[in-house]
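Throughout, a chain's letter reflects where its sequence line sits, starting with A, and its residues are numbered from 1.
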Amino acid sequence: MKFAFLADLSDFLQSQYGVSVPEIPVELCPPQFTGDITVNCFPLAKALRRNPMELAAALCTQLAGHRDIEAVSAVKAFVNITLRPAALMRDTVADRDALLAAVALPAVERRRVLIEFSAPNTNKPQHLGHVRNNTVGMATASILERAGHDVVRVNLVNDRGIHICKSMLAYQRFGAGVTPASSGKKGDHLVGDFYVAYDKELRQQLAALRQDKPALADKTDEELFLETEIGLAAQEMLRAWEQNDPAVRALWETMNQWVFDGFAITYRRMGVEFERTYLESQTYMLGKDIIRDGLERGVFKKRDDGAVIIEFDDPSLGTKVVLRSDGTSVYVTQDIGTTMLKQNDFQPDQQIWVVGDEQIRHFKVLFAILKALGYSWADQLTHMAYGMVNLPSGKMKSREGTVVDADELFDEMETLARDATVEKAGDDLPENLDERARVISMAALKFMLLKVNPKTTIMFDPQASIKFEGDTGPYVLYAYARICSMLRKAAAASDVTAGALDWSLLKEPAERTLALRCALYPELLQKAARDLDSSALAGYLLDLAKDFSGFYRNCPVLNAEDASLRTTRLALSETVRVILADGLQALTINTLESM
RNA sequence: GUACCCGUAGCUCAGCUGGAUAGAGCGACUGCCUCCGGAGCAGUAGGUCGUGAGUUCGAAUCUCGCCGGGUACACCA
């Protein structure tokens, strides 16, 4: 927040103590104290090497006569300031365009950021975990964009490998030629069914195997995989795929397309879009040449068994194989290759991966390798690690059928939102009922996921989480819709003469709080962008909506006692509306003018 | 075994570059629609911030130990 009196205060400190403090930080004054804003003198005193209490007293005396200040008091080391109404409003909300313009970072701080997220597999539909990834990825990208960065959204689809072959094999055996069209099933769900069918068959074969050969009974499923007929068949199919077997490739193309068609629908419902979608089938062979080059330069070394390795100085990273003894790639080799590819395609200043926190170590290793290879951009690589989504019953496990399917979840929430809308609407149902249900349900779901810190493990209780009251997306949407309703009525009431805008009329505590909250928006959005933390923005929007509700309750707008007050309160409301819209958009949440 | 993350109200979570009497929402209990939209507002009850030390004028916040929960430590992806 930039208040005019702060410049004078800064001059005072300069002349009095000979120390320049370019930015004096101010905070909102806690409600239990009298004042609008507070200067905390503890950090200030440390910088000036003064006694905090004495400094507070000195500032208090200095500010007492300031033209913008109505009252000032020092409590311990805190200077609580009550501003004159006109000054408070002038420095916060009076210039709406300036306030919104302050959201974007200065040009020198803007960067090109490439963000990769979603990364689904083409063997099953997306579940709640993907929904969190997609939501966090989109919101982070959008927040960065709002802060002025040039953002590139990228997806890397895992469309090859043994798990893909499993659903293909099951389809060959049990599919009987079914298609999404013939079954009326969404393509990704249809393919997912065959992945489940494969697993079921594998389990039966594993059980039979253990029965027949008691000597193998103690071995793990993984160890016995190639002992089963269907395990061997899947491996054989992967080999055929790698050798470009026409029949296998054709089936792969067909089934992948079904999945992509299904994903497109899921993504559209969520508003997820990418500038570029990379396919692992086209990138998995990348990275080897970089390893060879690094080997020649001595970054890597060849072990006795022929594997290429890197030995880190950092003992916690130890040694990592980057090329197998048979010369084939490992996971990190591919990631080295795709990182280079993205770097070459877009020349970003920073790359961000939105990937689950169980891969923290993998990315630590990846970044350390790229740094060892000497790339200048290697220390601008960021793993945005987010936590898992657990259910009250425990972890989501696809095998045990405890996953929350994305599409089903959207449907369920949409139904609940429609029911709630119908219930509140009473007799006259809105024409755009479906759209309202879509927007409200998606707002509820996204907001729930975005309001908690991305790195924490979420407990998702389907019963409790699908609420539209309290600290929720719909609560924020409701505040927005109320403002729209007021503005509509104001515009329609042509017989009411518009009063002159006069900010000095806004003296109520609720008005002051609301204006101050609005003024915090730019620094909050920038903080969310800097920390890659959507929850800071979500929390702010809730606070703003709450402050608006308090204002709405205490301060009549359309029914204000005079025309000037009405006009000015409407202007304040409009500012709140614009910030809510801006912030929700930064979270990729749509708004409704009525709900 | 080693490393990282987490432990705050009955539940779900904020607060964490140290700063005033630790905050929301849900749930429970009270009030508030002849007045701009009750998906709302106002209020009550509920916490020795896992635990024990340390650093400090000051610790939920920083450091260390311990307890409890999670994750990762492949020539799997």
Worksheet, complete the sentence: Contact string for nucleotides 11-19 of chain B, one letter per nucleotide 5' to 3', B = base within protein heavy-atom range under 4.0 Å, S = sugar-phosphate only, - = neither, reads -SSS----B

Discussion item. Quick one about Thr122(A) and Asp159(A) (side-chain donor to acceptor, distance below 3.5 Å, no hydrogens or angles considered), yes or no?
Written reply: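 On atom types as modelled, these side chains do not qualify, holding no pair under 3.5 Å.
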
Worksheet item: Under 3.5 Å, is there a donor-acceptor pair between the Tyr475(A) and Ser549(A) side chains?
Response: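 There is such a pair (donor and acceptor under 3.5 Å, judged by atom type) between the side chains of Tyr475(A) and Ser549(A).
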
Fill in: Sugar-phosphate, base or nothing in reach of Ser594(A), heavy atoms under 4.0 Å
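Base contact - Ser594(A) has a heavy atom under 4.0 Å of at least one base atom.
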
Practice prompt. Please work out if Cys41(A) contacts a base, only the sugar-phosphate, or nothing of the nucleic acid, heavy-atom cut-off 4.0 Å.
Written response: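 Since no nucleic acid heavy atom lies under 4.0 Å of Cys41(A), the category is nothing.
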
Reckon [X] has a side-chain N or O less than 4.0 Å from the OP1 or OP2 of [N]?
| X | N | answer |
| --- | --- | --- |
| Lys76(A) | rA20(B) | no |
| Lys489(A) | rG37(B) | yes |
| Tyr331(A) | rA77(B) | no |
| Lys424(A) | rG37(B) | no |

Side-chain atoms of residues 535-544 of chain A: list all donor-acceptor pairs with protein atoms under 3.5 Å, sequence neighbours left out, distances to 0.1 Å.
unit_1	atom_1	unit_2	atom_2	d
Ser535(A)	OG	Asp533(A)	OD1	2.4
Ser535(A)	OG	Asp533(A)	OD2	3.2
Tyr540(A)	OH	Arg517(A)	O	2.5

Item to complete: Tell me which residues in residues 557-571 of chain A put a heavy atom below 4.0 Å from RNA chain B, sorted by number, or none.
Response: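 Correct list: Val557(A), Leu558(A), Asn559(A).
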
Item to complete: Using a cut-off of strictly less than 4.0 Å between a heavy atom of the residue and any atom of RNA chain B, enumerate the qualifying residues of residues 285-292 of chain A by number.
Response: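 Those residues whose heavy atoms fall under 4.0 Å from RNA chain B, taken from residues 285-292 of chain A, amount to none.
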
Worksheet item: If you write RNA chain B from 5' to 3' in dot-bracket form, with Watson-Crick or G-U pairs under 3.5 Å, [ ] for crossing pairs and | for pairs with another strand, what do you get?
Response: (((((((..((((.....[...)))).(((((.......))))).....(((((..]....))))))))))))....

Separation of atom [atom1] in [X] from atom [atom2] in [N], rounded to whole Å:
| X | N | atom1 | atom2 | value |
| --- | --- | --- | --- | --- |
| Asp543(A) | rG25(B) | CG | C1' | 12 Å |
| Phe447(A) | rA39(B) | CZ | P | 18 Å |
| Asp471(A) | rA24(B) | CG | P | 10 Å |
| Lys467(A) | rG27(B) | NZ | C1' | 8 Å |

Proximal nucleotide (of [options]) relative to the [X] side chain:
| X | options | answer |
| --- | --- | --- |
| Glu280(A) | rA77(B), rA39(B), rA20(B) | rA77(B) |
| Gln334(A) | rA77(B), rA39(B), rG37(B) | rA77(B) |
| Glu358(A) | rG70(B), rG37(B), rA72(B) | rA72(B) |
| Gln32(A) | rG23(B), rC6(B), rA39(B) | rG23(B) |
| Asn80(A) | rA20(B), rA77(B), rA39(B) | rA20(B) |

Worksheet item: Using the glycosidic torsion, which applies to rC33(B): syn (within 90° of 0) or anti (everything else)?
Response: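 Syn conformation for rC33(B).
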
All side-chain hydrogen bond (donor to acceptor under 3.5 Å, both in side chains) counterparts of [X], not counting sequence neighbours:
| X | answer |
| --- | --- |
| Thr338(A) | none |
| Lys489(A) | none |
| Glu311(A) | Lys301(A) |
| Glu223(A) | Thr220(A) |

Discussion item. Does the structure place the NZ or CZ of Arg482(A) under 6.0 Å from the centre of the six-membered ring of Tyr552(A), at an angle of no more than 45° from the ring's axis?
Written reply: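 Ring-cation test returns yes.
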
Worksheet item: Is the cationic atom of Arg160(A) (NZ for Lys, CZ for Arg) positioned less than 6.0 Å from the six-membered ring centroid of Tyr284(A) and within 45 degrees of its normal?
Response: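 Yes, cation above the ring, under 6.0 Å and within 45°.
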
Using a cutoff of under 3.5 Å, can you pull out all pairs of nitrogen or oxygen atoms linking the protein to nucleotides 41-43 of chain B, with atom names and distances?
unit_1	atom_1	unit_2	atom_2	d
rC41(B)	OP1	Tyr475(A)	OH	2.7

Item to complete: With sequence neighbours excluded, give me every side chain to side chain donor-acceptor pair (under 3.5 Å) pair touching residues 441-451 of chain A.
Response: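 Side chain to side chain donor-acceptor pair (under 3.5 Å) check on residues 441-451 of chain A returns Lys446(A)-Thr588(A).
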
Worksheet item: With nearest nucleotides of RNA chain B determined for Glu27(A) and Tyr478(A) from heavy-atom distances, which residue corresponds to the more 5′ nucleotide?
Response: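 The 5'-side residue here is Glu27(A).
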
Practice prompt. Output every pair passing salt bridge (charged side-chain N to carboxylate O under 4.0 Å, His left out) with a member in residues 26-52 of chain A, not counting sequence neighbours, ordered by first then second residue.
Written response: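 Those involving residues 26-52 of chain A are Asp36(A)-Arg512(A).
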
Practice prompt. Fit a plane to each ring of Phe42(A) and Phe78(A), take the angle between them on a 0 to 90° scale, and name the class: parallel (under 30°), tilted (30 to 60°) or perpendicular (over 60°).
Written response: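 Answer is perpendicular, since the angle exceeds 60°.
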
Worksheet item: Aromatic rings Trp353(A) and Phe367(A): how do their planes relate, parallel, tilted or perpendicular, breaks at 30° and 60°?
Response: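 Tilted.
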
Worksheet entry | Heavy-atom donor-acceptor pair, Asp314(A) side-chain to rA3(B) base, under 3.5 Å |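 When only heavy-atom distances are counted, Asp314(A) does not reach the base of rA3(B) through any donor-acceptor pair under 3.5 Å.
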
